[in-house]
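Below is one structure; the comments refer to it alone.
Side-chain atoms are counted along with the backbone in the values below, which use heavy atoms only and exclude waters and symmetry mates.
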Amino acid sequence: MRIRILGGFLAAVMIGALSARAQTYKSHIEHPIVRYKMSAKLDPASKTVTGHYTLTWWNHSDDSIPDLYFHLYLNAFKNLDSTFFREQAERRRHEELESWMKRRDEDKWGWVQVNKLQIVGGPDLTGAMAFVHPDDDNAKDETVMRVALPQPIPPQGTIELAVDFTSKLPWAVARSGYEGDYFLMAQWFPKIGVYEAAGERGRKQGGWNCHQYHSNTEFYADYGVYDVELTAPSDYVVGATGYRRGEQRNPDGTTTYHQYQEDVHDFAWTASPRFTKLTRTFDWGKEVRSDELLKWGRFLEVPAEQMALRDVSVTLLLRPGHRNLADRYFGALFNGLKYFGLWYGEYPYDTLTAVETPRNSATCCMEYPTFITVSSGFWPGAHAFSPEGVTVHEFGHQFWYGLVGNNEFEEAYLDEGFDTYSTGKVLETAYGAACSYQRAFGIPVPGYAWLSVPLPRFPFGGVRSIPLGPYFSCVQSPERTADRRGYLKQAKDDDLVRFGWEYLDGASYSVNSYGRTGLTLRTLESYLGAETMGRVMRTYQLRWRYRHPDLQDFIDVVNEVSGRDMNWFFRQFFYNSDVADYAVSEITSEPILGKAGVYEEGGKERIYPQKQAREAFEKSANKRYRSTVVVRRWGEALAPVDVVVRFENGETVRERWDGQYRWAKYTYERPSKVKWAEVDSARKLALDANFTNNSYTREKDNRAAAKWYVRWIFWLENLFFAAGFFS
């Protein structure tokens, strides 16, 4: 049955337009591939959404297409035989869903059912639907549906379908579902897959790209138009993708909201009676100073008129008791709009909605076009990046995935890794380094733990170990520290370039898609230079907006903009799992004594005593030393590196090593000894597995050890005093 939300049985009580500004968005796509005209109604009691849409789909290829493929994402949560749950079990990730598994069966499962599918003005295709499993042999997985057509869609032809569906929302899982009276409708409707023509993303022949819902993957869809009417109880606050064209109050105690957005590839929405709704305008003329505009324009070599941004209406839906965090959330969102916009091109949409999810919710944190979910701890630290870090990151996905629509199933690193890199740069520019915090009874305490002292299980059951370190002072914690820890732990598990579900496990997926790619881009920036890297990223972003690039498209932009062949870099750090590790392994400095030993002179052998040569050297005012510095490549990855050699008299020599062979040796004759040497002193190679062996000092210096020793003793004394107090 077709559901008509605005049918004659509704009362025509119009609330009116909710925005003081007129919609200014103009489409950037000449011929959208998808057009959804949709209506949907949330029933909080049954946890269901009933819906109908008319889909107009355009065949942009030169192929005749005999079938259609649809994602039915919610069926991943239908039973334990789905590929999603099978992979969870195989990779021992059930602990992440332990509390979910313990819920009652009638509460937790979710699915989507296609009640009817028909060509508008043509035959009913409901009987032609069949579940398929293109990625594995799991015939029980129901997350991909194929529909055979009575006749092929011709090249450049269109088809119009009418679809009725019912979505049963699961208890919050994998960033979708409900918790109590909070609902997040994400990946909630039957969504058509992507038909890729020959030549697109490296395809040799055209075909559907419509993967199953895997444990480690996200999503992929075409750009188009979403014209959606949403109905929910009138006491619920509703937020959604796109611009709100209007509201209508209905006689049955519900309200219908009309949302509209062009040039997006997904649609998500939320509803809860407990949201606090706040709206502010990002006025770019106030948020960006003229000197900043000129600064970044010069940096990127972009004319000032091309650096202009746009005003954006930003809505924040807060959970109860968190109004005090509003300024921090808005500050993070505005910083995202400002710096992503200046660096990569303006955020093109009129609206942005950020939804604060319940604490520790499985629905956080996630990105959808013009709509993100974020969260914060119960008591965030004043100088920590919570909620700023996750908020900037999720906003950043409006650019990396939202505007540049890579295939998240196959190349997750092109959005997660690029966003990790970009987020780090925004946080550094807008906030500087965050402070490190420990927590006592949930209260954030500034400090960094050098040592955690475990407590005996009795009588301290349930009490964590006691952290020791400097407290009540800001210890800066660089954003990349956690990325490096994960990278070093998982670096050899997989190559970076891999389909999302093919990584060894969830940890390898996360490290490669997020932190490792972020560090790799940092390394690329070091080799290209910050200005060139900035132009690379802006060119790639603007060139591939509203399209589907792959890694090779990015490599092409890198080589083009830099004017250099950087293929060696991508072979080393994207297409394999070799680890980089360069080190200074040895330094020697010996006096040049002159003659010492036996020499032929006038046909006779003459002995020059070494002792005399040594004594003469000591008395000489022009001493000279022969020094050698040996640098080694302990890892398998190859990269050029700089070597800095410092002499005791302050002289510095800089060498450039191609890093190809296993070692290189540098020899010098100077009036001074080598004091120390360092490889990659500028830390260009952010992927180096061990920074501690990068430098070498010829003579030992115990001052650092003494400093640490004093600190350890101080904190151990405090521990013993505390133990004595409670004894």
Side-chain angles (χ1 to χ4, degrees), residues 480 483-498 504 508 511-512 515-529 555 558-559 562 564-590 592 625-647 651-670 673-701:
R480 298 189 299 276
D483 292 341
R484 277 191 56 79
R485 282 198 297 264
Y487 162 67
L488 296 177
K489 185 177 179 181
Q490 310 281 157
K492 287 187 172 292
D493 285 351
D494 285 293
D495 295 348
L496 192 157
V497 175
R498 201 159 176 79
L504 174 66
S508 181
V511 165
N512 282 286
R516 183 177 188 174
T517 305
L519 291 171
T520 304
L521 292 175
R522 289 273 184 173
T523 302
L524 179 62
E525 177 186 317
S526 297
Y527 281 103
L528 297 181
I555 296 172
V558 170
N559 291 338
S562 69
R564 299 162 60 180
D565 182 354
M566 297 300 294
N567 290 309
W568 67 267
F569 180 89
F570 291 93
R571 284 195 302 271
Q572 292 291 315
F573 299 116
F574 274 83
Y575 289 106
N576 67 42
S577 56
D578 291 343
V579 170
D581 186 10
Y582 286 90
V584 180
S585 65
E586 183 181 352
I587 295 177
T588 61
S589 285
E590 297 295 334
I592 300 175
Y625 299 87
R626 182 176 292 108
S627 302
T628 61
V629 176
V630 179
V631 289
R632 302 286 295 268
R633 175 172 62 82
W634 296 118
E636 297 304 318
L638 310 174
V641 289
D642 295 318
V643 181
V644 177
V645 180
R646 175 65 66 87
F647 294 83
E651 180 186 3
T652 299
V653 175
R654 297 182 181 274
E655 308 284 359
R656 180 69 168 171
W657 179 30
D658 64 10
Q660 300 296 301
Y661 193 60
R662 281 292 181 179
W663 59 269
K665 182 187 292 184
Y666 301 98
T667 302
Y668 310 94
E669 292 189 5
R670 294 286 196 281
K673 298 178 181 178
V674 170
K675 184 177 183 180
W676 57 261
E678 186 172 13
V679 62
D680 189 29
S681 60
R683 294 291 187 268
K684 289 184 177 181
L685 195 56
L687 293 166
D688 194 302
N690 184 6
F691 285 146
T692 63
N693 63 13
N694 282 35
S695 61
Y696 189 105
T697 302
R698 186 173 53 82
E699 295 183 356
K700 295 180 180 179
D701 187 341

For Arg662 and Gly635, the nearest pair of non-hydrogen atoms, with its separation, is NH1-O, 3.0 Å
Heavy-atom side-chain proximity of Trp657 to Tyr582 below 4.5 angstrom
yes
Is any side-chain heavy atom of Ile587 closer than 4.5 Å to one of Thr628?
no
Heavy-atom check, side chain of Phe570 versus side chain of Val558, under 4.5 Å:
yes
Working to the nearest 0.5 Å, report the span between CG of Leu521 and OG1 of Thr517.
6.5 Å
Atom CG in Leu519, atom CG in Leu524: separation rounded to 0.5 Å?
12.5 Å
Nearest heavy-atom neighbours spanning Ser577 and Arg516:
CA-NH2, 3.4 Å
Closest non-hydrogen atom pair, Arg654 against Ser681
NH1-OG, 4.5 Å
Residues Asn512, Arg498; criterion side-chain contact (heavy atoms from CB on, under 4.5 Å); working and verdict:
CA-CA 9 Å; Asn512 282 286; Arg498 201 159 176 79; over 6 Å; no
Atom pair NZ/OG1 of Lys675 and Thr652 - distance to nearest 0.5 Å:
10.5 Å
So, are Arg698 and Glu586 salt-bridged, with charged N and O less than 4.0 Å apart?
no
Could you pull out all residues at least two apart from Tyr527 that satisfy ring pair (Phe, Tyr, Trp, His ring centres under 6.0 Å)?
Trp568
Does NZ in Lys492 sit with more than 12 non-hydrogen atoms of other residues, nucleotides or ligands closer than 6.0 Å?
yes
Determine the minimum heavy-atom distance between Asp493 and Ser508, stating which atoms define it.
CB-OG, 3.8 Å
Contacts of type salt bridge (charged side-chain N to carboxylate O under 4.0 Å, His left out), residue Asp642, not counting sequence neighbours
Arg656, Lys684
Quick one: CH2 on Trp634 to CG on Asn693, what's the gap to the nearest 0.5 Å?
8.5 Å
With no hydrogens and no angle check, is any side-chain donor or acceptor of Thr588 less than 3.5 Å from a backbone partner on Ser627?
no
Heavy atoms, side chains only, cut-off 4.5 Å: are Asn576 and Glu636 in contact?
no
If every non-hydrogen atom of Arg564 is compared with every non-hydrogen atom of Leu528, which pair is closest and at what distance?
NH1-CA, 3.7 Å
Close side-chain approach of Tyr625 and Val674, heavy atoms under 4.5 Å:
no
Run the side-chain contact (heavy atoms from CB on, under 4.5 Å) check on Val629 and Glu655 step by step: do they pass?
CA-CA 11 Å; Val629 176; Glu655 308 284 359; over 6 Å; no
Between Val645 and Tyr668, is there a side-chain heavy-atom distance shorter than 4.5 Å?
yes
Checking side-chain contact (heavy atoms from CB on, under 4.5 Å) for the pair Arg633/Val641: CA distance, chi angles, key distance, verdict?
CA-CA 10 Å; Arg633 175 172 62 82; Val641 289; over 6 Å; no
From CG (Leu687) to OG1 (Thr523), nearest 0.5 Å:
3.5 Å
The test is side-chain contact (heavy atoms from CB on, under 4.5 Å); show your working for Arg646 and Ser695 and say whether it passes.
CA-CA 11 Å; Arg646 175 65 66 87; Ser695 61; over 6 Å; no
Hey, could you give me the CG/CZ distance between Asn567 and Phe574, rounded to the nearest 0.5 Å?
12.5 Å
Student check: side-chain heavy atoms of Phe573 and Leu685 closer than 4.5 Å:
yes
Is there a side-chain contact between Arg626 and Thr667 in this structure, where contact means two heavy atoms from C-beta onward sitting under 4.5 Å apart?
yes
If you measure from the Lys or Arg side-chain nitrogens to the Asp or Glu carboxylate oxygens, is any gap between Glu678 and Arg683 under 4.0 Å?
yes
